[in-house]
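Contents: one structure, followed by commentary.
Computed from heavy atoms alone, side chains included, the values below leave out hydrogens, waters and symmetry copies.
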Amino acid sequence: MSLYPSLEDMTVGKLAQAQVQQPQNPMALTASPAVVVSGGLYPSLEDEYMGLELTQYRAQMAPVAGTALATRSNSGAVTGVANVGIRRAEIKQGVREVVLCKDQKGKCGLSVFAASKGVFVSFVAKASPAAIGGLRFGDQVLAINGEIVAGYTSEKASKCITKAPAEKITLAVRDRPYERTITVQKDSSNHVGFTFNNGEIKNIVKDSSAARNGVLTDHYLCEVNGQNVIGLKDKEIGELFSESPHTVTITIMPTFIYDHMMKNMGSSLRKQMDHSIPDV
């Protein structure tokens with residue numbers, strides 16, 4: 001089964017596949033106008049479909065003769081191959097090890113929050129050891145220096161970090177289990193199809209890429225193309241969308257979980273969060 005970054009990629013990919021697979025019947029060229037040459041499964045590839053200008057994607061939609069149409073989870077006719085935004089936003093399955101040290105003040109720039117018997121990263125300070133180590137808001141911490149922290153309170157987990165040696169703190173981490181990524185495409189007016197207020201998604205535009213790809217209200221924007229936006233003003237988030245290429249990957253979290261994790265964090269501290277662009 002093929003996976004596509006967005007519904008637009010899947011639709012265009014299937015359109016191309018249908019054209020490749022259609023029978024080359026000479027009689028079809030002289031058939032009645034009522035006969036659909038493409039077989040009727042998908043509309044023909046015109047210059048515009050689903051609000052997208054397809055002309056620029058035609059070279060990508062035409063497979064090489066004699067080869068099967070192949071797609072990967074991070075590539076598609078619309079999104080392109082190995083899209084950087086998707087790679088930066090990727091939520092990987094499995095557990096990774098992160099090794100940190102403390103700075104001259106004895107801090108590693110990390111705050112954790114306990115929820116559902118788990119411990120989660122709720123704050124990563126900019127330019128801190130935690131940021132350099134690749135920790136992100138919403139990551140789940142499974143162990144600290146070999147000590148399993150399942151069922152720990154926020155205070156108990158924080159003490160494990162505070163008491164850890166300054167030269168080495170080893171964390172076992174699972175990527176952002178409460179978050180998901182959605183890839184959307186800009187329309188001709190440079191919009192993806194939803195509005196937000198203070199980072200929370202409020203409205204979905206009918207027939208937009210956001211609507212087609214399952215963006216939901218009552219969710220907070222956590223990242224845009226893998227870049228953390230928590231603590232940024234709406235205007236600043238909007239600028240990231242404006243500066244983004246045609247394809248945008250957003251990372252979102254349900255509002256009730258977000259509010260639970262952020263309830264004890266002041267607005268001034270949120271502004272100090274790491275907003276750097278992740279390496280890929």
Report the distance from atom [atom1] of [X] to atom [atom2] of [Y], rounding to the nearest 0.5 Å.
X	Y	atom1	atom2	answer
Asp9	Lys14	CG	NZ	13.0 Å
His219	Phe256	NE2	CZ	8.0 Å
Ile169	Leu100	CD1	CG	6.0 Å
Asn198	Leu221	CG	CG	11.5 Å
Thr217	Glu200	OG1	CD	8.5 Å
Gln227	Leu240	CD	CG	5.0 Å

Closest non-hydrogen atom pair between [X] and [Y], with its separation:
X	Y	answer
Ala131	Ala125	CB-O, 3.4 Å
Cys101	Pro129	O-CB, 3.1 Å
Ile144	Ile161	CD1-CG1, 3.8 Å
Ala89	Thr249	CB-CG2, 3.7 Å
Gly133	Val98	O-CG1, 3.7 Å

May I ask you to check whether [X] and [Y] show a side-chain donor-acceptor distance below 3.5 Å?
X	Y	value
Glu8	Ser209	yes
Gln185	Thr247	yes
Ser244	Asn225	yes
Glu147	Tyr152	yes

Consider only side-chain heavy atoms of I, L, V, M, F, W and Y, link residues closer than 4.5 Å, and tell whether [X] and [Y] are in one cluster.
X	Y	answer
Val215	Met10	no
Met261	Leu269	yes
Val248	Val229	yes
Ile201	Val224	yes
Val184	Leu7	no

Can you find a heavy atom in the side chain of Lys168 that is under 4.5 Å from one in the side chain of Thr170?
yes

Min side-chain heavy-atom separation Phe137-Cys222 under 4.5 Å:
yes

Taking it one step at a time, do Ile250 and Phe196 satisfy side chain to side chain contact (heavy atoms under 4.5 Å, CB included)?
CA-CA 13 Å; Ile250 60 173; Phe196 55 90; over 6 Å; no

Identify, with sequence neighbours excluded, every residue that meets side chain to side chain contact (heavy atoms under 4.5 Å, CB included) alongside Lys92.
Glu90, Asp175

Using a strict cut-off of less than 4.0 Å between a Lys/Arg side-chain nitrogen and an Asp/Glu carboxylate oxygen, indicate whether Arg136 and Glu223 qualify as a salt bridge.
yes

What side-chain donor-acceptor pairs closer than 3.5 Å can you find for residues 104-123, not counting sequence neighbours?
from   : atom 1 : to     : atom 2 : distance (Å)
Ser116 : OG     : Tyr178 : OH     : 3.0
Ser122 : OG     : Ser111 : O      : 3.4

Where do Glu179 and Tyr258 land on the side chain to side chain contact (heavy atoms under 4.5 Å, CB included) test, with the steps shown first?
CA-CA 10 Å; Glu179 300 174 27; Tyr258 179 90; over 6 Å; no

Residue pair Thr183, Asn213: steps toward the side chain to side chain contact (heavy atoms under 4.5 Å, CB included) verdict
CA-CA 7 Å; Thr183 298; Asn213 286 288; over 6 Å; no

Below 3.5 Å, can you tabulate the donor-acceptor pairs from side chains in residues 272-280 to any protein atom, sequence neighbours excluded?
from   : atom 1 : to     : atom 2 : distance (Å)
Asp274 : OD1    : Ser276 : N      : 3.4
Asp274 : OD1    : Ser276 : OG     : 3.0
Asp274 : OD2    : Ser276 : OG     : 3.0
His275 : ND1    : Met273 : O      : 3.1
His275 : NE2    : Ile230 : O      : 2.6

Full working for side chain to side chain contact (heavy atoms under 4.5 Å, CB included) between Arg88 and Val84:
CA-CA 6 Å; Arg88 287 174 177 156; Val84 174; 3.3 Å; yes

